[in-house]
Amino acid sequence: AGAAAAPPPRQSKLEPREELRVEVPPDASLRVRLVAGTAEIFGTELPPEGWVSIPPRSKIAIFSWHGATLELDGPTESEYPSVETPMVIYVNTHAILDARRARARAAAAQGGDLEASQGPRVIVVGPTDSGKSTLCRMLLSWAAKLGWKPTYVDLDIGQGSITIPGCISATPIEKPIDIVDGIPLDMPLVYFYGHPTPSINPDVYKVFMKELAKTLERQFSGNAESRAAGMVINTMGWVEGLGYELLLNAIETFKANVVLVLGQEKLWKMLKDAVQSKPNIDVVKLQKSEGVVLRNSKYRQKTRSFRIKEYFYGIANDLAPHSNIVNFSDVSVYRIGGGHQAPRSALPIGAEPVADPTRLVAVNISTDMIHTVLAISYAKEPDEIISSNVAGFIHVTDVDIQRKKLTYIAPCPGDLPSRLLIASSLTWYEA
Ligand code: ATP
C-alpha cells in the first residue's frame, strides 16, 4: 500500500486520568500540541506551548491527571483513548519512594550511617512487554521533577534505553526525561557485553553487573544527594530459568530494596519467597498497563538495529558520522569469553577442559567484522578490559585484508581515544 494521505490536524480531549494511546508510523513523525489543561508522556509534562515532534515508530500514551485538550498533526497507525490505566497505582508507588528518599536525606543530614542514608534502590522486573522501561521512565521523571537526581541503571541488553543494545549502563537523571531525545547521554557509565542475550555468556554479564554496581557504590559513598535519590533499575524480560537466576543476581548485586513486579503473579510469588529471609527487601506486585504494545522478535531485532543506527546518525537522522581508516597494527581487538582454555588433546588423560568465561582472547581482524559494532575500551592494558567501561562505539564498514586497513564510522571525528577494542555480535546493515 502506498502512503496514505496525512489526516488534517485534529483536536482530542482527555478527561481527568484518561490517556490517548498512539502509534506513530515508521516513516513519519507526529506533532502534538497542548491546547488546554496539562498532560504528560511517560512522566514528562508536555510544554504549555508549542509543538512536540514525536519520532517515527514511537508508541506512546499522552496521559492527563486533570484533563486536557490536545492537537495532533500527522498520521498515526493507531490512536485511541483509555481511562483504564494503572497510573494512580504507579504514582502512589512514586510517592512511597519519594518519602523514602526524604527519609534518607534527613538521615544523611543527621550524620546517619550509609544504610540509613541510602534511598530506595528500585528494580523493575516482569516478562517482555509488561511496560518495565516505561515504568522506570515515569518513576525517574517524577522523581527528577521534584528535584531528585536518581540513577537509572539499565540491565536490558536486548533493547537498551540508555545507549546501544548489548550494554549494561547507568546514568544520573537530573531532569524529567526528554520526550523526544530520551535519556540524556552526557555522562553514562557503560559496560559492553556485546550480545543481545545473556545466555551467550552469563558469567560475563554477571561480572559487568558487579563492576557497574561497584562503581556506583563508590560514587554514592561520596555523594549524599545521589545516594538519597537511589536507583531505578530496568531489567530484561527473560524471567524463566537462567533469566530468573540473573534477576536474583541483579537484586543482590545492586542491593535492591524495592522489587516492582509487573504483570506476573508467578514471578512475584517466586521472588517474594526467594528474598523472604531478607527483611529489607519489599517485593511489590503492580498491574501492567493494557496500553503496552506487544513486540515480536522480528520487531525487536529491528529496533535493535535502529538503536545502533541512532547512535551514529542521531534520533532524527540529523547527524553525520565520521568515516575513518586505521591500520590493523594501530588497534588491538579482543573478545571476552574465549570458551575453553586448552584443547582436550593438550590436557592430561581424563581431565576435562576448564572453560574460563571471562578469558580475554585477541581477535584477528577479518572481513567477518564488517557490519559489526566494536566498543572502545577505557582500559589501559588488555587485562583491564573486563573491569573497564567503554568510551563509545565504532561501526566497521570495511576490512581490507591486503592493505591491512579497517574502515569504520564513529559519531565524532578524530583519532580513537584508545587502541583497545572489544568485538561483538551486534551488527547493523546500512540500508
Ligand atoms: P522489554 O521487556 O521488551 O524491554 P518492557 O516491559 O520494558 O519491554 P516497554 O518498553 O516499557 O516494555 O513497553 C513496550 C512498548 O509499549 C514501548 O514502545 C512503550 O512506549 C509502549 N507503551 C508502554 N505503555 C504504553 C501505553 N500506556 N500506551 C501506549 N504505548 C505504551
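The structure displayed is predicted, hence computed values, not measured ones. Basis for what follows: all heavy atoms, side chains included, without hydrogens, waters or symmetry-related copies. Start at 1 and go down the list; that is how both ligands and their atoms are numbered.
Between Asp129 and Arg300 there is a salt bridge, since a side-chain N of the basic residue sits under 4.0 Å from a carboxylate O of the acidic one. A salt bridge is defined here as a Lys NZ or Arg NE, NH1 or NH2 lying under 4.0 Å from an Asp or Glu carboxylate O, and Lys255 with Glu217 meets this definition.
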Inventory of protein N or O atoms under 3.5 Å from ligand 1 N or O:
unit_1: ligand 1; atom_1: 2 (O); unit_2: Lys132; atom_2: NZ; d: 2.6
unit_1: ligand 1; atom_1: 3 (O); unit_2: Arg295; atom_2: NH2; d: 2.9
unit_1: ligand 1; atom_1: 3 (O); unit_2: Arg300; atom_2: NH1; d: 2.5
unit_1: ligand 1; atom_1: 3 (O); unit_2: Arg300; atom_2: NH2; d: 3.2
unit_1: ligand 1; atom_1: 4 (O); unit_2: Asp156; atom_2: OD2; d: 2.9
unit_1: ligand 1; atom_1: 6 (O); unit_2: Ser130; atom_2: N; d: 3.0
unit_1: ligand 1; atom_1: 6 (O); unit_2: Gly131; atom_2: N; d: 2.9
unit_1: ligand 1; atom_1: 6 (O); unit_2: Lys132; atom_2: N; d: 2.9
unit_1: ligand 1; atom_1: 6 (O); unit_2: Lys132; atom_2: NZ; d: 2.9
unit_1: ligand 1; atom_1: 7 (O); unit_2: Lys132; atom_2: N; d: 3.3
unit_1: ligand 1; atom_1: 7 (O); unit_2: Ser133; atom_2: N; d: 2.8
unit_1: ligand 1; atom_1: 7 (O); unit_2: Ser133; atom_2: OG; d: 2.7
unit_1: ligand 1; atom_1: 8 (O); unit_2: Asp129; atom_2: N; d: 3.4
unit_1: ligand 1; atom_1: 8 (O); unit_2: Arg295; atom_2: NH2; d: 2.8
unit_1: ligand 1; atom_1: 10 (O); unit_2: Arg295; atom_2: NH2; d: 3.4
unit_1: ligand 1; atom_1: 11 (O); unit_2: Ser133; atom_2: N; d: 3.4
unit_1: ligand 1; atom_1: 11 (O); unit_2: Thr134; atom_2: N; d: 2.9
unit_1: ligand 1; atom_1: 11 (O); unit_2: Thr134; atom_2: OG1; d: 2.5
unit_1: ligand 1; atom_1: 12 (O); unit_2: Gly131; atom_2: N; d: 3.3
unit_1: ligand 1; atom_1: 16 (O); unit_2: Val293; atom_2: N; d: 3.0
unit_1: ligand 1; atom_1: 20 (O); unit_2: Lys59; atom_2: O; d: 2.6
unit_1: ligand 1; atom_1: 27 (N); unit_2: Glu19; atom_2: OE2; d: 2.9
unit_1: ligand 1; atom_1: 27 (N); unit_2: Ser289; atom_2: OG; d: 3.4
unit_1: ligand 1; atom_1: 28 (N); unit_2: Gly291; atom_2: O; d: 3.4
unit_1: ligand 1; atom_1: 30 (N); unit_2: Gly291; atom_2: O; d: 3.2

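Val83 meets the side-chain contact (heavy atoms from CB on, under 4.5 Å) test with Glu18; sequence neighbours excluded.
Taking the six-membered ring where the residue is Trp, Tyr313 and Trp428 present perpendicular rings, their angle passing 60° and hence far from 30°.
Ser161 and Tyr152 are linked by a side-chain donor-acceptor pair at a separation below 3.5 angstrom, with hydrogens and angles left out of the test.
Geometrically, Arg17 does not engage Phe63 in a cation-pi contact, judged by NZ or CZ lying under 6.0 Å from the ring centre and within 45° of the ring axis.
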